[in-house]
Amino acid sequence: MIAQLITVTIIFVHTNAEGRHVDLHNHRLRKVPTNITSTIASLDLSDNLLKTIPNDSFINLSALTSLDLSGNRLEKLEPSAFRGLSRLSTLRLSENNLLLTYEAYPVGVFRPLQKLEALALEKNLRNPYSEIGRYPEQIFNGLSSLKELRIDGLRNVSFGSGFLHLSSLKSLHVIDNTMQVTLNTHTFAVFANMSIETLRIVCLGMEPGTLKHFPFLTTLNMRTDGLGRTLSALVDLRWRNLTSLSIVGTNKNRGGRLNPENLILTANMTAHLDTMCYEAFVAYNYHNYQWACIVLRNVLENENNYTLCLHDRDFPVGVSIQQNIVDAVNNSRKVILVISRAFLTSDWCEFEIQMAGMRMVRDGRENAIIVIMMEEIPVAEMPRSLLNLWKHITFLLWDNEQVDEPVFWDRLLEVMARP
């Protein structure tokens with residue numbers, strides 16, 4: 001007889017002092033071990049070589065409360081993969097190859113996890129250009145105890161009605177490290193009646209109206225390539241009491257290179273956003289109507305999603321001009337003064353300069369005022385109110401020959417992005 005060589009793999013399980021945690025991190029495992037004691041509470045199987053989780057893989061681990069399967073090569077979960085884990089509260093499946101399909105996530109795969117409170121599914125989309133129709137959202141049926149969800153972001157897709165099963169959700173993380181996703185007013189509509197308090201987002205940008213579906217939000221953390229879009233979207237938070245707000249942005253210039261900009265909005269800035277309605281109030285004389293309401297508005301509103309207050313369009317009827325100007329200055333993050341000789345001859349334009357100056361002094365924010373000179377005006381012809389601003393704020397000169405037009409718009413957008 002020819003003796004057969006049998007290879008036996010022995011796994012040594014290491015536990016902590018209390019015997020409650022098993023750490024099998026980075027052990028090059030290809031299968032879930034079967035010799036783990038049934039009394040453990042925490043199991044770390046991260047950064048191994050697992051490709052699938054078969055049915056009943058954890059059937060004997062009824063005391064388990066935390067399971068980490070992140071950083072493997074998982075492509076599929078079998079329907080009863082988590083059967084027996086009735087006490088599990090934390091499950092991490094991030095950084096795998098689990099596409100957002102029902103083949104990877106069978107309906108009912110999470111049903112045994114009646115006490116699950118935290119679920120991490122993000123960083124599973126390896127191809128940034130993949131077009132997936134919709135999340136396999138019915139997998140959330142039964143997760144009524146879930147409080148925190150971390151998930152990948154999809155391009156041009158909103159969250160469907162299956163997310164309504166997450167009735168206890170308090171914290172939502174939408175991660176798109178490829179920076180391909182621009183969020184819009186429809187993206188989070190399904191969460192409008194939920195009590196979500198914490199929102200963390202990584203995305204390309206965010207359009208105005210995106211955040212209006214989160215009336216109970218207290219913490220907002222963002223990383224984005226589109227600071228302009230993001231700041232415009234923050235107008236939706238003007239009536240909320242955020243306790244924590246931070247934004248980290250990287251803006252792409254016209255040359256395609258990344259200019260890192262860190263923007264941390266302080267508590268004072270947050271309070272200012274409880275009151276603001278517009279990104280900028282544009283003060284102009286009717287002689288400059290075409291430039292202010294067509295040229296400037298097209299670049300800032302249409303191309304960069306900044307919300308402007310233009311008196312010909314936005315001043316409410318029945319309110320005095322003086323009160324409208326005061327409200328516009330106070331309810332805008334910035335004031336843009338479009339200065340020409342015609343502007344300087346108008347009493348109301350002079351009043352707008354004075355209000356903008358008072359706003360700058362009151363808030364201590366020199367970046368709150370932007371002066372655009374439509375023509376070169378000698379200092380001797382400038383009113384005292386404008387001269388008082390001269391040494392403190394940004395002045396930009398519009399070139400009627402349009403020789404340096406790209407430079408002008410780059411400079412204006414740079415100043416608009418500042419807090």
Side-chain angles (χ1 to χ4, degrees), residues 208 227-229 231-232 235 254 276-317 319-360 365-377 381-383 385-387 389-390 392-418:
L227 283 179
R229 295 186 182 94
L231 291 174
S232 298
V235 172
R254 291 175 184 253
M276 292 187 178
C277 299
Y278 302 98
E279 279 298 302
F281 165 52
V282 183
Y284 57 92
N285 182 269
Y286 70 91
H287 285 96
N288 303 115
Y289 170 86
Q290 292 288 331
W291 189 87
C293 294
I294 297 178
V295 179
L296 180 68
R297 182 180 66 84
N298 181 60
V299 173
L300 292 186
E301 281 199 337
N302 296 341
E303 296 181 11
N304 290 277
N305 293 312
Y306 285 111
T307 306
L308 303 180
C309 178
L310 304 167
H311 65 76
D312 284 283
R313 181 190 67 183
D314 299 311
F315 276 9
V317 178
V319 180
S320 68
I321 296 178
Q322 182 178 6
Q323 187 60 52
N324 270 324
I325 292 173
V326 172
D327 292 342
V329 170
N330 289 331
N331 293 333
S332 300
R333 190 172 63 87
K334 293 182 182 291
V335 176
I336 299 176
L337 301 173
V338 181
I339 302 293
S340 62
R341 283 186 170 84
F343 184 99
L344 297 179
T345 61
S346 168
D347 291 338
W348 286 120
C349 292
E350 168 67 15
F351 181 70
E352 288 170 330
I353 296 176
Q354 294 176 0
M355 289 298 100
M358 291 174 60
R359 157 79 181 279
M360 181 187 70
R365 295 178 57 236
E366 296 180 357
N367 287 330
I369 303 177
I370 303 171
V371 172
I372 298 176
M373 304 296 295
M374 300 301 294
E375 54 188 306
E376 293 191 24
I377 301 175
E381 297 181 20
M382 293 184 182
S385 58
L386 189 58
L387 289 175
L389 303 177
W390 190 264
H392 302 284
I393 64 175
T394 301
F395 278 74
L396 302 176
L397 178 62
W398 172 255
D399 183 1
N400 287 318
E401 301 298 326
Q402 299 184 349
V403 175
D404 295 324
E405 184 175 349
V407 176
F408 172 87
W409 294 120
D410 282 341
R411 179 62 174 146
L412 177 59
L413 292 173
E414 176 189 343
V415 179
M416 283 295 296
R418 296 175 185 171

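Only heavy atoms go into these numbers, but all of them, side chains included; no hydrogens, no water, no symmetry mates. Position 1 is the first residue of the sequence; numbering continues from there. Small disclaimer: the values here were computed from a predicted structure and weren't measured.
Around atom CG of N302, more than 12 heavy atoms belonging to other residues, nucleotides or ligands sit under 6.0 Å away.
Residue I353 comes nearest to L337 through the heavy atom pair CG1-CD1, 4.2 Å, listed as atom of the first residue, atom of the second, then distance. N288 approaches M374 most closely through the heavy-atom pair ND2-CG, 4.1 Å. For the pair I336 and A280, the tightest heavy-atom approach, listed with the atom from each and the gap, is CD1-CB, 4.0 Å. Taking all atoms of both residues into account, the shortest heavy-atom contact from E381 to R341 is OE1-NE, 3.3 Å. The two atoms that bring R333 and M416 nearest to each other are NH2-O, 2.6 Å, heavy atoms only. In plain terms, the two heavy atoms of Y284 and E352 that are nearest each other are N-OE1, 4.4 Å.
Between F315 and F281, the ring planes are parallel. Angles under 30° get that label, and only those over 60° would be called perpendicular. The aromatic rings of W409 and W291 sit parallel to each other, their planes meeting at less than 30°, with 60° as the upper class boundary. In this structure, W348 and F351 have perpendicular ring planes: the angle between them is above 60°, well past the 30° mark.
A donor-acceptor distance shorter than 3.5 angstrom exists from the side chain of N285 to the backbone of H287, with no hydrogens or angles considered. Looking only at distances, a side-chain donor or acceptor of T345 sits under 3.5 Å from a matching main-chain atom of A342. Side chain of S332 to backbone of V335: no donor-acceptor contact under 3.5 angstrom is found. Between the side chain of D314 and the backbone N or O of L310 there is at least one donor-acceptor pair closer than 3.5 Å. When atom types are taken as modelled, the side chain of E301 and the backbone of L308 share a donor-acceptor pair closer than 3.5 angstrom.
Separating the SG atom in C309 from the CG atom in N331 is a distance of 8.5 Å, to the nearest 0.5 Å. Here the CD atom belonging to Q290 is positioned 13.0 Å from the CG atom belonging to L296, to the nearest 0.5 angstrom. Taken from CZ in F408 to CD1 in I372, the straight-line distance is 4.0 Å, to the nearest 0.5 Å. The CG atom of N298 sits 9.5 Å away from the CG atom of N304 when rounded to the nearest 0.5 Å.
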For this session: Could you walk me through whether E375 and W398 pass the side chain to side chain contact (heavy atoms under 4.5 Å, CB included) test, one step at a time?
Result: CA-CA 7 Å; E375 54 188 306; W398 172 255; over 6 Å; no

For this session: Tell me, with the steps shown, if L344 and L386 meet side chain to side chain contact (heavy atoms under 4.5 Å, CB included).
Result: CA-CA 9 Å; L344 297 179; L386 189 58; 4.3 Å; yes

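Judged as a side-chain hydrogen bond (donor to acceptor under 3.5 Å, both in side chains), and not counting sequence neighbours, the contacts of E350 are Q354, S385. In terms of the side-chain hydrogen bond (donor to acceptor under 3.5 Å, both in side chains) criterion, residue partners of R411 (sequence neighbours excluded) are, by chain and number, E414.
Side-chain contact between N324 and H311 is absent, with no heavy-atom pair separated by less than 4.5 Å. Between R297 and V282, the closest side-chain pair of non-hydrogen atoms is not below 4.5 Å. Inter-residue side-chain proximity for Y306 and L413 is flagged as met; some heavy-atom pair is nearer than 4.5 Å.
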